[in-house]
S.K.: 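The structure that follows is given in the form of structure tokens.
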Amino acid sequence: MNERNKTAETVFILKGFSDISELEAPISILILLIYLTTLVGNIVILLLVCQDSHLHTPMYFFLGNLSVLDIGYTTVALHKSIDIFVTGDHEVSFIDCMVQMYFFTWFACNDLMLLTSMGYDRYVAICKPLHFTTLMNGRVCTRLAMFCWAFSFLHVLPPVTLISQLSCYTSNIINHFTCDVLPLVEISCSDTSIVEMVIFIDGGLVAIFTPFLLTFISYVFIITTIMKIKSSAGRKKAFYTCSSHLTAVLILYVSIFSQYLTPSGTFKSNKLLSLFNSAVVPMLNPFIYSLKNKDVKSAIQKKLKNVMAIL
Ligand SMILES: *[C@@H]1O[C@H](CO)[C@@H](O)[C@H](O)[C@H]1NC(C)=O
């Protein structure tokens with residue numbers, strides 16, 4: 001039997017949170033609640049965005065895409081923890097692990113790209129309001145969204161292909177709740193220098209730092225433009241239109257940077273921060289947008305009234 005076959009037959013054990021045994025049950029229940037809340041919240045947003053004509057603007061178009069993504073992202077990230085909690089089955093086959101990793105990284109990257117597109121939408125709305133309808137027309141939005149999904153899908157190809165080629169593992173126990181890139185590299189005894197370099201360039205620079213930089217630049221322009229507005233009511237109004245997006249972006253990047261740049265070493269996996277990142281953040285999105293946003297609030301009120309009328 002050659003090395004390749006051996007790897008394909010590997011069965012990994014996902015530790016989940018079993019190493020903190022006294023917290024395993026509470027964390028698992030919390031994960032289940034978070035998952036259900038994420039599903040309900042994002043489905044509500046999706047229904048509103050598709051049905052309410054007041055929400056047929058670029059921002060809500062991207063928010064709809066973000067909701068689809070968040071549902072997929074948490075499902076990939078959390079399904080194994082829920083499985084472990086319900087059935088006690090920690091095993092995951094090599095192929096399943098690679099597929100999980102592919103979707104997990106794809107969705108994580110797409111999350112940042114969609115938020116970057118939303119940042120661009122806010123930039124055009126605030127800094128180039130007269131050109132908004134030409135710059136952000138339906139076709140541009142659809143193409144931009146399609147580009148995000150396609151690019152993030154393709155950019156995962158190199159690191160995951162390389163990781164699937166790793167043949168030697170010191171252990172088959174993955175200290176994580178899903179098959180993520182870094183926990184797998186950590187247990188490999190093959191030479192991982194190339195993989196690590198690809199992860200750094202492709203994951204660190206392309207997938208995380210570039211969207212961060214573009215979003216940051218958008219906000220530099222947005223804030224400079226807002227500062228120049230003479231009336232304080234005008235400033236407030238302009239700021240209000242991007243406050244939900246800014247909140248979502250800040251939470252996401254703070255959580256990403258604290259996950260990867262903790263003092264214990266740059267670019268190490270960290271289970272709890274990763275959980276926050278892939279479970280709590282997608283759950284917060286619907287709330288950030290519905291609690292802070294008049295359009296969404298009034299859309300919800302209208303829907304509730306309709307439902308009441310039927311009952
Ligand atoms: C997400 O983007 C796709 C492709 O760009 C588009 O066709 C679709 O309607 C969007 N979904 C939502 C819910 O807005």
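Because the structure is a prediction, the values reported are computed rather than measured.
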S.K.: Is I256 close to L112 at the side-chain level, that is, under 4.5 Å between some pair of heavy atoms?
M.R.: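 Counting from C-beta outward, L112 and I256 do come under 4.5 Å.
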S.K.: Can you measure from CG (D70) to CG (N65) and round to the nearest 0.5 angstrom?
M.R.: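 Reported value, rounded in 0.5 Å steps: 11.0 Å.
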S.K.: Please determine whether residues I208 and M118 belong to a single hydrophobic cluster, defined as Ile, Leu, Val, Met, Phe, Trp and Tyr linked transitively by side-chain heavy-atom distances below 4.5 Å.
M.R.: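 Yes, I208 and M118 fall within the same hydrophobic cluster.
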S.K.: Mark yes when over 12 heavy atoms from residues, nucleotides or ligands other than L157 sit less than 6.0 Å from its CG; otherwise mark no.
M.R.: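 Yes, the 6.0 Å shell around CG holds more than 12 heavy atoms from other groups.
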S.K.: Let me confirm one number: the CG-CG distance from N42 to L66, rounded to the nearest 0.5 Å.
M.R.: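 Going from CG on N42 over to CG on L66, the span is 7.5 Å.
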S.K.: Can you tell me how far apart CG (L184) and CG (N175) are? Round to the nearest 0.5 Å.
M.R.: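 L184 atom CG to N175 atom CG measures 12.0 Å (nearest 0.5 Å).
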S.K.: Among residues at least two apart in sequence or on other chains, which ones pass side chain to side chain contact (heavy atoms under 4.5 Å, CB included) with I300?
M.R.: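 In terms of side chain to side chain contact (heavy atoms under 4.5 Å, CB included), with neighbours along the sequence ignored, I300 is linked to L48, S290, V296, L304.
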S.K.: Is M59 reachable from V44 through a run of hydrophobic residues whose side-chain heavy atoms are each under 4.5 Å from the next?
M.R.: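 Looking at the clustering, M59 is in the same group as V44.
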S.K.: Flag the pair I173 / I187 as yes when at least one side-chain heavy-atom distance between them is below 4.5 Å, and no otherwise.
M.R.: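 Counting from C-beta outward, I173 and I187 never come under 4.5 Å.
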S.K.: Starting from the C-alpha separation in whole Å, work towards a yes-or-no answer on side-chain contact (heavy atoms from CB on, under 4.5 Å) for S274 and H176.
M.R.: CA-CA 9 Å; S274 176; H176 210 65; 3.3 Å; yes
S.K.: In a table with atom names and distances, give each donor-acceptor pair under 3.5 Å that connects a side chain of residues 76-89 to protein atoms at least two apart or in another chain.
M.R.:
unit_1	atom_1	unit_2	atom_2	d
H79	ND1	T75	O	3.0
H79	ND1	V76	O	3.1
K80	NZ	D83	OD2	3.1
K80	NZ	D89	O	3.0
K80	NZ	E91	O	2.8
D83	OD1	T87	OG1	2.9
T87	OG1	D83	O	2.8
T87	OG1	D89	N	3.2
D89	OD1	E91	N	3.0

S.K.: At their closest point, which heavy atom of S188 faces which heavy atom of C168, and how far apart are they?
M.R.: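 Result for this residue pair: OG-O, 3.0 Å.
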S.K.: Could you give the side-chain donor-acceptor pairs of residues 125-144 under 3.5 Å, partners two or more places apart or in another chain?
M.R.:
unit_1	atom_1	unit_2	atom_2	d
T134	OG1	H131	O	2.9
N137	OD1	R139	N	3.1
N137	OD1	V140	N	2.9
N137	ND2	T134	O	3.4
T142	OG1	G138	O	2.8

S.K.: What are the two closest heavy atoms between P183 and D180, and how far apart are they?
M.R.: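 Closest approach of P183 to D180, heavy atoms only: CD-O, 3.4 Å.
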S.K.: Side chains of K15 and S18: does their closest heavy-atom pair fall under 4.5 Å?
M.R.: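 Yes; the side chains approach each other to less than 4.5 Å.
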S.K.: Between M98 and I163, does a side-chain contact (heavy atoms from CB on, under 4.5 Å) hold up when you go through it step by step?
M.R.: CA-CA 8 Å; M98 293 300 131; I163 288 172; 4.3 Å; yes
S.K.: When rounded to the nearest 0.5 angstrom, what is the spacing between CD1 in I174 and CG in L14?
M.R.: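 Interatomic distance, I174 CD1 to L14 CG, rounded to 0.5 Å: 5.0 Å.
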S.K.: May I ask you to test the V281-S255 pair for a side-chain heavy-atom distance under 4.5 Å?
M.R.: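 A side-chain contact under 4.5 Å exists here.
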S.K.: If you draw the axis of the six-membered ring of F177, does the NZ or CZ of K271 fall within 45° of it and under 6.0 Å from the ring centre?
M.R.: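 No cation-pi geometry.
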S.K.: Between D191 and S193, is there a side-chain donor-acceptor contact under 3.5 Å, judged purely by atom types and distance?
M.R.: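 Yes - a donor-acceptor pair under 3.5 Å links their side chains.
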S.K.: Between I288 and A248, what is the shortest heavy-atom contact and its length?
M.R.: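 Result for this residue pair: CD1-CA, 3.9 Å.
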S.K.: If we only count heavy atoms from C-beta on, is the V280 to L275 side-chain gap below 4.5 Å?
M.R.: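 No, every pair of side-chain atoms sits at 4.5 Å or beyond.
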S.K.: Are Y102 and F153 near enough that their ring centres are under 6.0 Å apart?
M.R.: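 Aromatic pair counts; centres sit under 6.0 Å.
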S.K.: Once ring pair (Phe, Tyr, Trp, His ring centres under 6.0 Å) is applied, what residue pairs with a partner in residues 32-72 remain, sequence neighbours excluded?
M.R.: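 The answer is none; no pair qualifies.
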S.K.: Would you say CZ of F221 has more than 12 non-hydrogen atoms from neighbouring residues, nucleotides or ligands within 6.0 angstrom?
M.R.: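 For F221, atom CZ is not crowded (no more than 12 foreign heavy atoms under 6.0 Å).
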S.K.: Answer yes or no: is there a donor N or O on one side and an acceptor on the other, between the side chain of E24 and the main chain of F17, under 3.5 Å?
M.R.: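 Answer holds: no.
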S.K.: Below 3.5 Å, can you tabulate the donor-acceptor pairs from side chains in residues 230-245 to any protein atom, sequence neighbours excluded?
M.R.:
unit_1	atom_1	unit_2	atom_2	d
S231	OG	G234	N	2.9
R235	NH1	I229	O	2.9
R235	NH1	K230	O	3.4
Y240	OH	K292	O	3.0
Y240	OH	K294	N	3.0
T241	OG1	A238	O	2.7
S243	OG	Y240	O	3.0
H245	ND1	Y219	OH	2.8
H245	NE2	L115	O	2.8
H245	NE2	G119	N	3.3

S.K.: Does V68 share a hydrophobic cluster with L284, counting links as ILVMFWY side-chain heavy atoms below 4.5 Å and allowing steps through other members?
M.R.: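 Yes; L284 is reachable from V68 via cluster members.
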S.K.: What residue pairs, at least two apart or across chains, pass ring pair (Phe, Tyr, Trp, His ring centres under 6.0 Å) with a residue in residues 278-311?
M.R.: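 Non-adjacent pairs meeting ring pair (Phe, Tyr, Trp, His ring centres under 6.0 Å): zero.
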S.K.: Any chain of hydrophobic side-chain contacts (each under 4.5 Å) joining F276 to L30?
M.R.: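 Yes, because F276 and L30 connect within a single hydrophobic cluster, where side-chain heavy atoms sit under 4.5 Å apart.
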S.K.: Decide side-chain contact (heavy atoms from CB on, under 4.5 Å) for L252 and N277; before the verdict, give the C-alpha distance in whole Å, the side-chain angles of both, and the deciding distance to 0.1 Å.
M.R.: CA-CA 7 Å; L252 185 63; N277 216 327; 3.8 Å; yes
S.K.: Is there side-chain contact between S117 and C148, with at least one heavy-atom pair below 4.5 Å?
M.R.: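 Counting from C-beta outward, S117 and C148 do come under 4.5 Å.
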S.K.: Compare every heavy atom of V92 with every heavy atom of C97, then report the nearest pair and how far apart it is.
M.R.: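 Result for this residue pair: N-CG2, 3.8 Å.
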S.K.: Looking only at non-hydrogen atoms, find the nearest pair between V11 and N172 and report the distance.
M.R.: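 Scanning both residues, the minimum pair turns out to be O-ND2, 2.8 Å.
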S.K.: Does any non-hydrogen side-chain atom of L205 lie less than 4.5 Å from one of F200?
M.R.: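 Yes, their side chains come closer than 4.5 Å.
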S.K.: Rounded to the nearest 0.5 Å, how far apart are CD1 of I29 and CD1 of I34?
M.R.: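 With rounding to 0.5 Å, CD1 (I29) is 12.0 Å from CD1 (I34).
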S.K.: Do L154 and V99 share a hydrophobic cluster, counting only Ile, Leu, Val, Met, Phe, Trp and Tyr and linking them when any side-chain heavy atoms are less than 4.5 Å apart?
M.R.: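 Both belong to a single hydrophobic cluster.
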S.K.: Locate the shortest heavy-atom distance separating V198 from P158; write the atom from each residue and the value.
M.R.: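 Smallest interatomic distance, heavy atoms only, reads CG1-CB, 4.2 Å.
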S.K.: Any chance you could lay out the side-chain contact (heavy atoms from CB on, under 4.5 Å) test for I310 and V307, step after step, and finish with the verdict?
M.R.: CA-CA 5 Å; I310 293 168; V307 174; 5.6 Å; no
S.K.: Do F103 and Y73 have ring centroids that are under 6.0 Å from one another?
M.R.: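 When the ring centroids of Y73 and F103 are compared, they turn out to be at least 6.0 Å apart.
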S.K.: Nearest 0.5 angstrom please: N285 CG to T38 OG1, how far?
M.R.: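 Answer for the CG-OG1 pair, N285 versus T38, is 9.5 Å.
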S.K.: Flag the pair F216 / Y253 as yes when at least one side-chain heavy-atom distance between them is below 4.5 Å, and no otherwise.
M.R.: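 Result no, sub-4.5 Å side-chain heavy-atom pair not found.
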